[in-house]
Every structure is written in structure tokens, then in C-alpha cells.
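Chain A is the first sequence line, chain B the second, and so forth, proteins listed ahead of strands; every chain is numbered from 1. It should be emphasised that the depicted structure is a prediction, and the values quoted were computed from it without experimental measurement.
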Amino acid sequence: MTRQLLVTSALPYANGPIHIGHLVEYVQTDIYVRFQRLRGHRVAYMCADDTHGAAIMIRAQKEGRTPEDFIAEMAESHQRDFAAFGMSFDHYGSTNSPANYEQCKHVWAALRAADLVVARNVERLYDPVQKTFLADRFVKGKCPNCGAEDQYGDSCEKCGATYAATDLIEPRSVHSGATPELRESRQLFVRLEPLQPFLQEWTKAGTLQPEVMNYLHGNFLAKPLQDWDVSRPAPYFGFEIPDEAGQFWYVWFDAPIGYIASTAEWCAQNGQQLDDWWRNPECEIVHFLGKDITYFHTLFWPAMLKTAGFELPKKVQIHGFLRVNGEKMSKSRGTFVMARSYLDQELDPGCLRYYYASKLSPGIDDLDFNTDEFVGKCNSDLVGRVVNLASRSAKFVKNVGLSATYPEDGDLFANAAECGDRIAAAYEACDYREAMRLCMTLADAANEFVEQRAPWTLKKDPDRAQELQDVCTVVLNLFRQIAIYLTPVLPDLSQQAGELLQSPIESWDQSRTPLTGTAVSKFKHMMQRVDADKVAALFTAPATDAATDAATDAATDAVANAAPAAAGPSPTLAKEPLADQITIDDFLKVDLRIAKVLAAEEVPEARKLLRLTLGLGGGETRNVFAGIKGKYDAASLVGRQVVMVANLAPRKMKFGLSEGMVVAAGTDGGVFLVSPDEGAEAGQRLH
RNA sequence: GGCAGGAUAGCUCAGUCGGUUAGAGCGGUGGCUUCAUAAGCCAUAGGUCGCCGGUUCAAGUCCGGCUCCUGCUACCA
């Protein structure tokens with residue numbers, strides 16, 4: 001039975017180039033799509049750039065250009081990289097398109113009609129000079145969590161904390177520099193609670209991975225769903241809400257609708273009907289996405305689809321993050337590798353596709369890019385085992401071709417044909433790791449056969465020419481079977497196998513019938529071995545792509561060069577590497593003072609906190625919460641001197657305001673307060 | 001601390017409904033081969049299945065407790 005599938009990858013955000021972490025998802029999706037096509041199903045693979053939001057607007061402003069100009073450049077960059085890695089999109093659109101605006105209006109009207117949109121007045125920051133409300137990203141100030149300067153109003157790039165823009169310390173408008181004031185703003189919300197019974201059921205319907213279902217039921221569906229804030233005040237780069245002047249749809253409203261809009265554009269260009277793909281219960285909608293955007297796709301999105309009368313996804317396949325050699329990708333460590341850098345090193349995109357395939361399971365676990373393993377797998381699996389089959393047999397039959405009838409092979413071909421069902425089931429379940437493992441066992445069996453039949457010996461005896469041809473016929477057919485099974489992962493290899501045997505690979509079922517009596521082309525190398533130095537070069541060069549966000553660089557590069565090639569590596573230094581050099585001015589920003597502990601008490605409900613009252617002399621005191629409970633006895637601290645950061649931005653904590661920080665050394669082992677030598681007085685500054 | 005997911009060979013991971021002697025790949029060691037891109041084949045070592053208890057004729061698998069790791073979150077400033 002021919003199935004009909006509409007498959008999507010999450011839309012990459014247009015604020016930066018594609019990196020190797022992105023590629024996990026697109027490789028995963030593309031393999032699925034190519035597999036389904038090879039099986040003869042009708043597939044539409046849809047993607048687009050996600051272009052809206054304040055971040056894009058600010059980037060464009062910073063570069064002195066229009067957002068449209070900026071996203072056009074990103075769209076080109078993304079599609080160029082995707083093409084190089086073999087992504088076979090049927091259509092690649094943009095959320096900033098007329099088609100998307102049409103679909104957004106449609107979904108919005110449906111939400112209105114279902115009485116799910118409500119307006120409420122909320123307090124928002126307002127720029128009194130520009131006379132506009134400010135989106136989170138248009139307010140900057142000190143991070144309320146770590147005190148880092150110049151952070152946006154939604155999250156801190158330094159410490160990763162998330163907060164409301166109203167929490168920023170010393171906030172100022174990005175537009176005018178003015179201090180924003182709080183004003184009432186009319187905001188639109190989508191009520192999700194009426195859809196909660198539906199979501200309770202849908203999330204349990206087998207569409208989601210079990211871990212994801214547990215996550216949703218444990219974190220969101222256990223209590224009433226909160227209303228979703230879907231409007232953002234102007235100025236905002238996006239679509240203005242038709243019935244609410246001055247308000248724009250939040251980027252996460254119009255982004256997933258981009259899946260539909262992209263399909264609509266493709267339909268218009270290819271004589272298809274949109275309803276045949278999005279309102280057809282026979283069409284399987286499949287989404288691939290990363291775990292960070294789970295709830296947008298498993299709560300808001302199904303709610304929108306349901307309300308607007310679209311079909312719901314049959315499968316939502318969520319993957320984990322890419323780590324590099326066991327650690328998070330990081331610009332400062334040089335592990336934030338752009339797709340372009342990989343291509344610039346002239347590494348084979350097929351190798352990365354195969355490597356990811358060999359690691360991808362149906363689960364949401366992170367997957368690790370291990371450089372040694374990458375080199376090993378590509379070279380020994382692909383070159384040493386698979387391609388080598390052709391390499392060690394094709395030359396013996398290039399003049400005579402394949403035998404006229406398929407020879408006795410000890411059921412190798414028949415067994416491999418049967419194994420194809422298991423491989424197909426693994427692809428279907430997104431268990432590519434299992435599929436690759438099975439392919440390699442087939443290659444092992446084939447190599448063993450070569451070894452036993454030793455064509456290089458047969459070649460020496462003219463009387464055994466037929467036997468030689470038969471052996472090579474078997475080996476080349478086994479090779480072709482594997483190439484068919486690997487076609488979703490390695491389309492280039494598949495094509496070369498087709499050329500070698502002068503029979504293009506077009507369908508999975510070709511793996512069931514051996515080729516006989518046909519000519520064999522001259523063998524050409526199909527894959528190059530991976531040069532380990534080139535792989536190493538990927539991770540030593542810091543990411544200097546011009547399109548890389550300068551602001552993020554500044555923040556994340558702070559710990560660059562953290563591991564100098566010192567003779568005796570210190571475990572302590574390794575755990576917490578020396579920070580980058582700073583200037584004396586940087587140091588002077590930190591006001592370190594001698595303080596006397598005037599009072600100390602345990603916070604009973606807190607696990608780690610003591611409340612300290614610190615004296616700076618002259619009646620000046622600070623209330624500070626210190627995470628040293630259990631390490632220091634409160635009573636024994638009273639009267640002693642400590643060092644504190646006196647000008648740290650106050651931090652509101654559950655038990656009160658913390659007005660500074662006590663300096664202490666400590667790794668996981670313990671915490672050690674720092675005290676001055678005898679004679680120091682409370683209030684003295686440290687220079 | 002809360003929620004979630006984990007812990008099986010040196011590394012990465014399978015292990016179905018509880019069922020014989022717990023598997024694979026990579027890596028290691030020893031040998032063979034020389035057709036092939038320094039590729040291939042054979043053999044072999046390597047395990048207290050995180051810990052404790054329970055259910056059972058039988059537990060890596062089920063139940064309870066604990067330890068540690070990862071992610072999100074929180075008061076670890």
C-alpha cells in the first residue's frame with residue numbers, strides 16, 4: 001500500500017548559520033524522507049527559515065540594514081549548506097511570506113471563533129522617549145542573577161538565567177537609552193485550558209516517544225494549562241495582528257504555521273491541493289525536532305491545528321542535542337562547528353550523515369560527536385568494509401560483466417534480502433543505529449565470503465575463469481544490496497554503485513533480485529578515507545564566521561584558551577580553568593570590602609543558605625544570603641571578618657533580598673571563607 | 001530541593017513477555033592473508049549488569065529503598 005507522508009524538520013532560526021548540531025536533525029529527517037521515497041511512498045518534505053522576532057530585528061539594526069535584507073542572506077546561507085549535505089527538501093520557504101500570513105490569519109480567525117483569544121492588561125516596560133512598549137529583547141540591563149552587564153530582557157547570555165524584563169537591574173531601552181517605565185499594556189492570550197482534555201488524550205495516543213509523554217504529563221498537563229501570551233507590542237519584526245493594531249504575533253505563533261505555508265507554496269507550484277496534505281486523514285504528518293522546543297510542538301501546536309481544523313501529526317520524533325567529545329558544544333572551546341567549516345575542510349558530507357545515522361536511536365538522548373570514533377567508523381565501516389567489497393571484486397570482471405545466472409552463494413543474498421525487512425523496520429522506527437549495525441553485519445558476511453573464495457587465487461588459473469566471475473557476481477550483488485540499504489543515508493554512494501553496475505538504484509525492492517548478465521564499469525573510488533587532521537582542525541579553529549553573533553561571542557569567549565598546554569596539569573585548574581585576562585578597569589568594577597559578621601542565622605527551609613548581616617563599619621550593613629549552610633555553623637561566624645562583594649546587584653531570593661556576596665573558595669569538596677590578616681578593619685576596600 | 005531520564009566489557013551501546021553459559025561494534029592481544037583506498041579474515045582476553053533488600057522455581061529485567069550522573073527547574077550569589 002502506498003502511503004502519503006508530509007514530513008518536516010524544525011525551521012532553523014535566521015539569526016545565524018547552520019552548525020553541526022542543527023545537522024543532526026536535518027540528517028535524521030532526510031534519511032527518513034529518502035527511506036520512505038525509496039519504499040515507493042508519496043512524500044513531501046517541507047522546511048523553511050524561521051525569520052521573525054526581536055532578535056532578528058536587532059541584528060539587522062546593528063548591521064544597519066533591513067530585516068528583510070538580513071533574512072534573505074541567511075536563507076541563502078542555510079539553503080546552500082543544506083544542499084551541500086544532501087537535504088532533499090521538496091520545498092524550502094520562509095515564515096516571512098504572504099503564504100504564511102494567509103495561514104496565520106486563518107488559524108487566528110479559528111482561535112477567535114472558538115473564543116480562545118482573550119485580552120488582558122499586563123504591566124510592560126515602556127520607552128517614554130520612543131513612546132513604544134518594549135519587547136524583552138529591546139531592554140538591556142544587568143542580569144538580576146549574575147550581574148553581568150548589557151544583557152537582554154529575557155535571558156542572560158553569561159549565566160543562562162531566564163527572567164522577566166522587569167527583573168533587569170538598571171534597565172534601559174535599546175532604542176533611546178531611556179529608563180523604561182512600567183505601563184499597562186493590552187496583551188492577547190490564547191486560552192489552552194479548554195483544550196486540555198483533548199491534549200491529555202492526544203499526548204497519550206502513541207504519537208510521542210514515551211519519555212516525552214511523561215515529560216508533558218509531569219510538567220504541564222498535571223495542572224491547568226496557562227494562557228499563552230501570543231502578542232508582542234510594536235516595534236516587532238513579524239506580522240501585525242489583523243484585528244489588533246500595534247500588536248504582532250509572537251514568533252512562536254507563526255513559526256510552526258510555516259510548515260503549512262511552505263506546503264501551500266509547494267502545492268501552488270506543483271498542482272497539489274493543500275487539503276490533500278493537511279486535512280486528509282490518510283496523510284501522515286511527521287515532525288522532527290529537538291528536545292528544546294518540545295512543548296511548542298506538543299501543546300500549543302496541536303491546539304492550534306485542532307482548532308483550525310487541520311489534521312494532527314501522526315508522529316513527533318524528538319531528538320537530543322549534539323555534544324562534542326562528551327561536552328556541550330561551545331564557541332570558546334571551538335566545538336561550535338559550522339556546517340560551512342566542515343565543508344571548507346573538504347570533509348565528505350556523507351561521512352557525517354553516516355556517522356550521525358550510526359549514533360541515532362529513537363530516543364531523545366543527546367548524541368556525542370567523538371572525533372576518534374568518527375574517523376574510525378567512516379574509515380573502517382564505509383571504506384574498509386562496504387566500499388572495499390566493490391574495490392576488491394569489480395576489477396576482476398570489468399571485461400566480462402556479471403554471470404548470466406546468479407551463482408550458488410550459500411544463501412548469502414537471500415539472507416541479506418530477508419535482513420532488509422529488519423533494516424526497513426529500523427529505519428521506520430528512526431532506529432538508524434540498528435539499521436547501520438545490520439548493514440555492517442551484511443558487509444562482514446560478504447567480506448568473509450571474499451576471503452573464503454579468494455578471487456585473487458582464482459585469477460591465476462585460466463580454467464577457473466567461470467568460478468572467478470561467479471564469485472565476483474556474488475560479491476558485487478551483496479555490495480549492491482548494502483548500497484540499496486544505505487541509500488537513505490548515502491545517496492552519493494548509492495548513485496556510484498548504480499553507475500558501477502550500470503543499473504540505477506531507485507527502489508528498495510531492487511534488493512530482492514540479484515543483477516545478472518550485465519556489464520560492470522571500471523571501478524572508481526567511491527569514498528575517500530577521512531583525514532584525522534582535518535577533523536582535528538575543525539575543533540581547534542575558533543568560530544570566526546562573520547555571521548556569528550558578535551554579542552554571543554563576547555559572552556562565551558570569556559573562558560577561551562582555558563586549557564593551556566602546561567607541563568603539569570592541575571586537577572583544580574582543570575576543573576575551573578583560569579579566566580581570560582582582564583584590564584585593571586575591569587577589576588576596579590568589583591568593590592571587594594572587609595566585612596564583619598554581625599549576625600548569622602540558618603534559614604530553616606533552605607538547604608544551603610545562611611542569612612548573614614554584614615557590617616561595613618559606621619553602621620553600614622548588608623543583608624547577604626550565603627550558600628554555606630552545613631559547611632559553617634552560624635553561631636561560630638558571628639564576630640569574624642570576611643571579604644564581600646559590596647557592589648553586587650541585589651538579588652531577590654525566596655527568603656529575602658541578598659545585597660552582596662561573601663567571597664569563598666570551593667570546589668565540590670567544601671567551602672572555605674576568606675579572612676584578612678589581623679589589623680584589617682571592616683569597610684576597607686581590597687586593592 | 002522538585003520533575004524527568006539514566007547507570008550493563010576500557011569506550012559507545014543492545015538486551016523483547018522474568019527463562020539455558022549476559023551480547024554487538026570499536027579498542028586491546030595473538031595469528032593468517034596480500035585481491036583491495038595501510039583495506040580483509042580467524043582466534044582470544046575483558047562483566048559483582050551502580051548498591052541494599054524484597055517477590056519468584058528463576059531477576060540485568062518486576063517491586064521498595066539508597067548512591068551517583070545528565071537535563072529542565074529552583075534558594076546552590
Open item on the list: Just N and O in the side chain of A:Lys395: are any of them under 4.0 Å from OP1 or OP2 of B:rA36?
Closed with: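 Yes, A:Lys395 has a side-chain N/O under 4.0 Å of OP1/OP2 on B:rA36.
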Open item on the list: For B:rC26 and A:Arg385 - does any side-chain N or O of the residue sit under 4.0 Å from the phosphate oxygens OP1/OP2?
Closed with: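 A:Arg385 to B:rC26 OP1/OP2: side-chain N or O found under 4.0 Å.
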Open item on the list: Should the side chain of A:Glu451 and the base of B:rG40 be counted as holding a donor-acceptor pair, with the cut-off at 3.5 Å?
Closed with: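 Flag set: donor-acceptor pair detected.
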[X] [atom1] - [N] [atom2] separation (whole Å):
| X | N | atom1 | atom2 | result |
| --- | --- | --- | --- | --- |
| A:Phe479 | B:rU37 | CZ | C1' | 13 Å |
| A:Asp365 | B:rA7 | CG | P | 9 Å |
| A:Arg392 | B:rC35 | CZ | C1' | 7 Å |
| A:Asn379 | B:rG40 | CG | C1' | 15 Å |
| A:Ile318 | B:rC72 | CD1 | P | 16 Å |
| A:Glu434 | B:rG15 | CD | P | 9 Å |
| A:Lys522 | B:rU37 | NZ | C1' | 14 Å |
| A:Glu659 | B:rC75 | CD | P | 17 Å |

Can you tell me which nucleotide in [options] comes closest to the side chain of [X]?
| X | options | value |
| --- | --- | --- |
| A:Phe523 | B:rU70, B:rU37, B:rC35 | B:rU37 |
| A:Val383 | B:rC41, B:rU33, B:rU37 | B:rU37 |
| A:Arg433 | B:rC35, B:rG40, B:rA14 | B:rA14 |
| A:Lys459 | B:rG40, B:rA77, B:rC35 | B:rC35 |

Describe the nucleic acid contact of [X] in one word from base, sugar-phosphate, nothing, applying a heavy-atom distance below 4.0 Å.
| X | result |
| --- | --- |
| A:Met526 | base |
| A:Phe321 | nothing |
| A:Met440 | nothing |
| A:Val387 | base |
| A:Gly384 | sugar-phosphate |
| A:Asn214 | sugar-phosphate |
| A:Lys359 | sugar-phosphate |

Task: CD (A:Gln466) with more than 12 external heavy atoms under 6.0 Å - done: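 Yes.
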TODO: For the pair A:Asp348 and A:Arg353, find out whether any cationic side-chain nitrogen is under 4.0 Å from an anionic carboxylate oxygen.
DONE: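 The answer is no: the pair does not qualify as a salt bridge.
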Counter-base of [N], judged by Watson-Crick or G-U geometry with both distances under 3.5 Å:
| N | answer |
| --- | --- |
| B:rC13 | B:rG23 |
| B:rA59 | none |
| B:rC68 | B:rG6 |
| B:rA39 | none |
| B:rU44 | B:rG28 |

Considering only heavy atoms from C-beta outward, does the side chain of [X] approach that of [Y] to under 4.5 Å?
| X | Y | result |
| --- | --- | --- |
| A:Leu476 | A:Phe396 | no |
| A:Leu347 | A:Leu538 | yes |
| A:Val450 | A:Pro455 | yes |

Pairwise [atom1] distance, [M] and [N] [rounded to whole Å]:
| N | M | atom1 | value |
| --- | --- | --- | --- |
| B:rU20 | B:rC13 | C1' | 25 Å |
| B:rU61 | B:rC17 | C1' | 10 Å |
| B:rG10 | B:rC49 | P | 12 Å |
| B:rG47 | B:rC42 | P | 24 Å |
| B:rA77 | B:rC3 | C1' | 24 Å |
| B:rC62 | B:rG19 | C1' | 14 Å |
| B:rA14 | B:rG25 | C1' | 10 Å |
| B:rC41 | B:rU33 | P | 16 Å |

TODO: Assign each of A:Pro210 and A:Arg529 to its nearest nucleotide of RNA chain B by heavy atoms, then name whichever residue's nucleotide is nearer the 5' end.
DONE: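 Nearer the 5' end of the strand: A:Pro210.
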TODO: Tell me which of A:Pro455 and A:Met661 sits closer to the 5' end of RNA chain B, going by the nucleotide each one is nearest to.
DONE: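 First, find each residue's nearest nucleotide; the 5'-ward one identifies A:Pro455.
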TODO: Measure up the A:Trp252 and A:Phe296 rings against each other and bin them: parallel (under 30°), tilted (30 to 60°), perpendicular (over 60°).
DONE: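 If you compare the ring of A:Trp252 with that of A:Phe296, the planes turn out parallel.
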- [ ] Only one of A:Phe336, A:Phe369, A:Phe321, A:Tyr13 passes ring-ring contact (aromatic ring centres under 6.0 Å, His included) with A:His19; say which it is.
- [x]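 Among A:Phe336, A:Phe369, A:Phe321, A:Tyr13, the one meeting ring-ring contact (aromatic ring centres under 6.0 Å, His included) with A:His19 is A:Phe336.
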Task: Nearest heavy-atom neighbours spanning A:Val386 and A:Met440 - done: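 Nearest heavy atoms, A:Val386 then A:Met440: CG2-CE, 3.8 Å.
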